K.L.:
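Have a look at the structure that comes next, please.
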Amino acid sequence: MAYIREIFSSIQGEGPLVGYKQLFIRFCRCNLSCAYCDTDFDIDKSKNYSVSELLNIVEKYSDCHSISLTGGEPLLEYEFIKEFAKQSPLPLYLETNGTLVDELNQIINCVDYVASDIKLPSCTCKDTNWQIHDEFIKIASRKNAFAKAVFNECINDDEIEKMTSICSKHNVQLILQPMMIANKPSVSSDFMLATLNKCLKLYNNVRLIPQVHKFINVY
Ligand code: SF4
């Protein structure tokens, strides 16, 4: 059993799979508390599902490209995901904060895509354990994986050096995602491009992709 906050279909609004229709399964709870978090994963508003109950729902969404396992932090439910993956009719796309290394190791063979955050202290207002992100992305790179860094005007050269170094080391694409305030980027176009250019000087597999679903008001 696992507590799930919501199940809905929509387009993927972030990263390289932007625009694909996905079924989103939002798990409850998170092991982090980022300053910019706007996700409602409150366990009190959720329902407890068995794997078979979830499979019955999922089979109605055969027009989706894949299933986004999101949260909160879905890896907190890795045992449930492992069972679900055995019978999932669609590819699994794990959206994770990139910090639970042991849990990822348990299910890396069960998922098809890994979208892993790299948390920047300048944006989350918390410390970042870069070694953990490094270990996590190393495991994720065994699958179709990319790293995503949400940034604002406080991003600094040390963070740029560290995140490009991790992505380069494990040969995964880095997606720069400007922090949004309501439905608008929190930084100017010039700042976004300057940040992209700084990253590209250190690693050539970097893209700038804002949260597209917020521009078109689709959730
Ligand atoms: S990791 Fe994601 S869900 Fe968890 S607090 Fe940070 S932004 Fe919110």
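These figures come from a predicted structure and were not determined experimentally. By convention here, the first residue in the shown sequence is residue 1. Order of appearance sets the numbers: ligands from 1, and atoms from 1 within every ligand.
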K.L.:
I'd like to know if the side chain of Thr39 and the backbone of Phe41 have a donor-acceptor N/O pair within less than 3.5 Å.
P.N.:
no

K.L.:
Tell me whether Gln177 contacts the main-chain N or O of Lys148 through its side chain, where contact means a donor paired with an acceptor under 3.5 Å.
P.N.:
no

K.L.:
Measure from NZ or CZ of Lys82 to the centre of the six-membered ring of Tyr78 and say whether it is under 6.0 Å with the direction within 45° of the ring axis.
P.N.:
no

K.L.:
For Tyr20, look at atom OH and say whether over 12 heavy atoms of other residues, nucleotides or ligands are found less than 6.0 Å away.
P.N.:
no

K.L.:
At distances under 2.8 Å, what protein N, O or S atoms surround atom 8 (Fe) of ligand 1?
P.N.:
Cys37 SG

K.L.:
Is the closest side-chain heavy-atom distance between Asp158 and Lys162 below 4.5 Å?
P.N.:
yes

K.L.:
Is any side-chain heavy atom of Ile108 closer than 4.5 Å to one of Val114?
P.N.:
yes

K.L.:
Is the contact between Lys119 and ligand 1 made by the side chain, the backbone, both, or neither, using heavy atoms and a 4.0 Å cut-off?
P.N.:
side chain

